[in-house]
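Heads up: the structure comes next, in structure tokens.
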Amino acid sequence: MTKFEKPRGTRDFLPEEMAVRRKLENRFREIVKRWGYGEIMTPVFESLDLFKAKSGEGILGEIYYFEDKGERELALRPELTAPTMRAFVNEMQSFTKPIRLFYFENCFRYERPQKGRFREFWQFGTEIIGSDKPAADAESIALAMNLIKSAGIKGYLSIGNLAVVRHVLNKITDESEVKDKIMRLIDKKEFESLDNYLEEIGADFNSVSDLKRLISISGNDAKEVITNAKSVVGDLPELDSFKNMIELLEAYGISEYRVDFGIARGLDYYTGVVFEIYADGLGAQKQICGGGSYKLIPLFGGGDVASIGFGIGFDRIMEIFTEKQDKDTTVNVISMPETYKEGIRLALVLRHYVCTTADIMNRNFGAQLKYANSSNADYVLIVGEKEIEKEIYSLKDMKTGEQKELTEYELIQFFAEDD
RNA sequence: GCCCUGGUAGGGUAAAGGUUAUCCUGAAGCCCUGUGGAGGCUUCGAUAUGAGUUCGAUUCUCGUCCUGGGCCCCA
């Protein structure tokens with residue numbers, strides 16, 4: 001007999017674990033709904049070109065892609081921002097702005113699995129489309145922090161701003177490839193390589209000095225950081241916007257975070273604010289949330305529309321989410337062969353109020369009780385000939401062993417109150 | 001793609017180059033056709049996989065697959 005194994009980097013979620021996952025998922029859903037976000041669902045697979053357009057050829061190595069029978073090049077989605085923006089371009093361009101969207105879906109990446117990293121993983125994320133204002137940035141960050149907090153997790157927030165960094169970068173070069181490379185080096189904090197590279201391209205000394213000063217500015221006191229940045233870049237509208245956003249965060253009650261102009265992104269559709277949230281207890285994969293503002297829509301053939309969003313690594317959150325599943329009250333109906341049908345009828349009635357099961361193993365009375373015990377039922381309802389005759393049923397509390405004689409109406413009362 | 005680690009029933013384990021691979025737990029059934037948790041009995045269930053060495057491999061060697069962890073990457 002061949003035994004089939006699940007593909008590498010995928011997981012089976014059994015009921016106990018699923019209950020906890022759904023518990024957190026539902027909590028997240030409730031929160032984003034309260035913030036006015038509507039759910040979007042896009043296909044599990046998209047054209048490969050969509051992801052190449054967003055992230056470049058370099059991502060092919062990490063993408064699951066294939067040719068279908070119609071010779072279309074398709075890819076399992078590695079992330080959800082591109083599909084969401086594609087859907088916007090296709091179907092939502094004339095919607096009233098801003099558009100607030102959220103998603104909770106699985107994504108696929110061909111990577112070496114490790115702690116907090118799987119080949120099939122779930123992302124919970126939001127996108128705001130149509131606002132490039134600091135208020136949208138602030139809302140997005142505040143929402144992300146609210147979600148993390150609702151999971152009982154301490155999240156460490158870092159905020160950067162690429163518009164300010166780019167302003168300085170533009171003085172060094174006009175070539176986007178060169179900019180990309182510099183941004184990557186900054187992001188990885190490989191300052192030696194950065195020095196060498198800047199020297200190699202013969203960058204202007206003053207501009208390089210400004211850049212290096214700017215990206216080294218970071219700290220927990222936002223106002224101080226901004227003052228420092230101002231001393232490098234001078235009066236800059238982008239910096240004013242950033243300052244404005246920081247002030248709004250205060251209104252949202254977000255006060256603990258780090259501002260870091262050394263946060264960078266290699267891809268040039270990122271426009272301004274970028275943020276990351278980290279958590280303890282995750283080994284190498286500490287980042288649980290990443291977000292930022294970007295202009296992806298023009299790249300996908302849409303208008304010049306700005307957006308901002310974030311993605312939460314749901315599986316990573318689950319690794320450190322400590323709550324257990326909520327146990328529902330359960331009732332087992334115990335009957336005899338002669339009374340089985342009446343037992344089914346009563347079970348149907350009780351199911352309006354409480355989780356109820358009946359025997360489907362043809363077990364005898366004692367075995368049914370044993371099963372109720374080992375499956376952790378809270379109550380057992382005994383439906384035997386004596387009970388049917390009197391129309392009074394025996395409800396046994398499995399924890400205390402107490403038994404009550406109740407009519408059908410009293411049973412309903414009993415469990416209806418339980419909710 | 002690279003490095004380290006491990007892999008014996010569903011879970012946890014023991015042992016050994018040589019008859020039928022140990023024990024606990026679990027599941028199913030019976031003891032027990034109207035009162036559970038205990039106990040007894042029965043049954044089910046494993047050496048990840050391929051090759052090599054050997055008279056003989058589950059044990060030794062190598063490859064593959066997979067787990068866990070790290071590097072790279074992280075759109």
Side-chain angles (χ1 to χ4, degrees), chain A residues 1-12 14 16 46 48 50-63 75 77-85 107-119 121 123 125 180 183-184 187-188 190 264-270 274 276 278 282-292 294 296 299 309-311 313 316 319 332 334-339 343 361-389 393-403:
Chain A
M1 252 297 267
T2 324
K3 204 162 138 188
F4 296 103
E5 303 292 343
K6 63 188 178 303
R8 180 165 210 197
T10 63
R11 292 156 293 163
D12 296 318
L14 307 187
E16 195 182 338
E46 296 265 2
L48 178 60
L50 174 69
F51 301 111
K52 285 205 281 196
K54 177 173 184 250
S55 308
E57 297 277 337
I59 48 141
L60 283 181
E62 282 80 50
I63 284 192
R77 58 185 174 210
E79 48 103 9
L80 288 154
T81 300
T84 303
M85 293 306 126
C107 298
F108 307 84
R109 292 184 191 180
Y110 191 84
E111 295 184 291
R112 180 71 172 81
Q114 56 182 269
K115 190 175 180 68
R117 174 191 280 181
F118 307 93
R119 289 185 171 176
F121 60 97
Q123 275 204 344
D180 277 7
M183 288 297 248
R184 278 179 201 279
D187 192 33
K188 287 188 210 162
E190 289 180 8
R265 293 285 143 88
L267 296 159
D268 56 12
Y269 48 77
Y270 286 101
V274 283
E276 298 166 348
Y278 296 88
L282 279 166
Q285 311 297 324
K286 293 188 307 228
Q287 191 179 332
I288 50 174
C289 175
Y294 55 87
L296 211 46
L299 204 59
F310 61 82
R316 290 184 188 173
E319 297 262 337
N332 278 13
I334 292 189
S335 57
M336 309 293 116
E338 307 75 43
T339 63
M361 298 281 278
N362 282 345
R363 283 187 167 114
N364 63 38
F365 187 88
Q368 287 186 59
L369 257 181
K370 262 190 189 169
Y371 169 75
N373 185 60
S374 62
S375 65
N376 264 318
D378 296 294
Y379 297 95
V380 139
L381 182 70
I382 297 166
V383 181
E385 286 180 311
K386 281 190 276 182
E387 282 81 5
I388 290 177
E389 215 171 286
Y393 308 95
S394 307
L395 184 71
K396 177 165 183 161
D397 183 323
M398 292 298 281
K399 298 238 158 43
T400 64
E402 278 171 40
Q403 201 160 314

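In what follows, every chain begins at residue 1, and chains take the letters A, B, ... in the order their sequences are listed. Everything numeric in this text was worked out from a predicted model, so none of it was measured.
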Using atom C1' of each nucleotide, how far apart are B/U49 and B/C44 to the nearest Å?
-> 24 Å
With sugar-phosphate meaning primed atoms plus P, OP1 and OP2, does A/Gly283 contact a base, only sugar-phosphate, or nothing at under 4.0 Å between heavy atoms?
-> sugar-phosphate
Quick one: label A/Ile334 by what it contacts on the DNA or RNA (base, sugar-phosphate, nothing), any heavy atom closer than 4.0 Å.
-> nothing
Base partner of B/U43, which must satisfy Watson-Crick or wobble distances under 3.5 Å | B/A27
For chain A, the stretch of RNA chain B it reaches, first to last nucleotide, under 4.0 Å of its heavy atoms = B/G1 to B/A75
On RNA chain B, nearest-nucleotide positions of A/Ser374 versus A/Glu387: which is more 5'?
-> A/Ser374
To the nearest 0.5 Å, atom CZ of A/Phe118 lies from atom CD of A/Gln285 at 10.0 Å
Taking atom P in both B/C41 and B/G56, compute the distance separating them and give it to the nearest angstrom.
-> 41 Å
At under 4.0 Å between heavy atoms, what does A/Tyr269 touch on the DNA or RNA strands: base, sugar-phosphate, or nothing?
-> sugar-phosphate
Tell me what A/Glu79 touches on the nucleic acid: a base, only sugar-phosphate, or nothing, going by heavy atoms under 4.0 Å.
-> nothing
Assign A/Ala372 to base, sugar-phosphate, or nothing according to its heavy-atom contacts below 4.0 angstrom with the strands shown.
-> nothing
Mind checking A/Glu385 for me? I need base, sugar-phosphate or nothing, with any heavy atom below 4.0 Å counting as a touch.
-> base
Within the structure shown, what part of the strands sits under 4.0 Å from A/Gly116 by heavy-atom distance: base, sugar-phosphate, or nothing?
-> nothing
Is there a donor-acceptor pair closer than 3.5 Å between any side-chain N or O of A/Glu402 and the backbone N or O of A/Asp397?
-> no
Under 3.5 Å, side chain of A/Arg316 to main-chain N/O of A/Gln287, donor-acceptor pair present?
-> yes
Classify the nucleic acid contact of A/Leu267 as base, sugar-phosphate or nothing, counting any heavy atom under 4.0 Å across all strands shown.
-> sugar-phosphate
Could you measure between the two P atoms, the one in B/U5 and the one in B/C60, and give it in whole Å?
-> 15 Å
Quick check: does any side chain N or O of A/Arg363 sit under 3.5 Å from a backbone N or O of A/Gln368, one acting as donor and the other as acceptor?
-> no
Considering only the C1' atoms, how many Å lie between B/U42 and B/G7, rounded to the nearest integer?
-> 32 Å
Sequence neighbours excluded, the answer for salt bridge (charged side-chain N to carboxylate O under 4.0 Å, His left out) partners of A/Glu79 is A/Lys54
Nearest-Å distance once atom C1' is located in both B/C23 and B/C30 | 24 Å
Expressed in whole Å, how much space separates the C1' atoms belonging to B/A21 and B/A15?
-> 8 Å
Any side-chain heavy atom of A/Arg112 sitting closer than 4.5 Å to one from A/Arg8?
-> yes
Across the strands shown, which category fits A/Arg11 at heavy-atom distances under 4.0 angstrom: base, sugar-phosphate, nothing?
-> nothing
When the P atoms of B/A46 and B/G10 are considered, how many whole Å apart are they?
-> 7 Å
When all nucleic acid strands are considered with a 4.0 Å heavy-atom cut-off, which category describes A/Lys52: base, sugar-phosphate, or nothing?
-> nothing
Rounded P spacing from B/C71 to B/A51 in Å | 37 Å
Could A/Arg265 and A/Glu276 be called an ion pair, given the rule that one side-chain N must be under 4.0 Å from one carboxylate O?
-> yes
Check whether any side-chain N or O of A/Thr339 sits under 3.5 Å from a backbone N or O of A/Ser335 as a donor-acceptor pair, and report yes or no.
-> no
At under 4.0 Å between heavy atoms, what does A/Glu5 touch on the DNA or RNA strands: base, sugar-phosphate, or nothing?
-> nothing
Complementary nucleotide of B/G34, counting Watson-Crick and G-U pairs under 3.5 Å | none
Nearest nucleotide by nearest heavy atom, which residue falls closer to the 5' end of RNA chain B, A/Asn373 or A/Ile63?
-> A/Asn373
B/A48 pairs with, by Watson-Crick or G-U criteria that keep both distances under 3.5 Å | B/U64
With a non-hydrogen cut-off below 4.0 angstrom, is A/Tyr270 in contact with a base, only sugar-phosphate, or nothing?
-> sugar-phosphate
Could you check whether A/Gln287 gets within reach of a base, just the sugar-phosphate, or nothing at all, counting any heavy atom under 4.0 Å?
-> nothing
Which part of the nucleic acid does A/Arg184 contact within heavy-atom distance under 4.0 Å: base, sugar-phosphate only, or nothing?
-> sugar-phosphate
Write down the partner of B/G18 under the Watson-Crick or G-U wobble criteria, each distance required to be under 3.5 Å.
-> B/C55
Hey, does the Lys NZ or Arg CZ of A/Arg119 hover above the aromatic six-ring of A/Tyr110, less than 6.0 Å from the centre and inside 45° of the axis?
-> yes
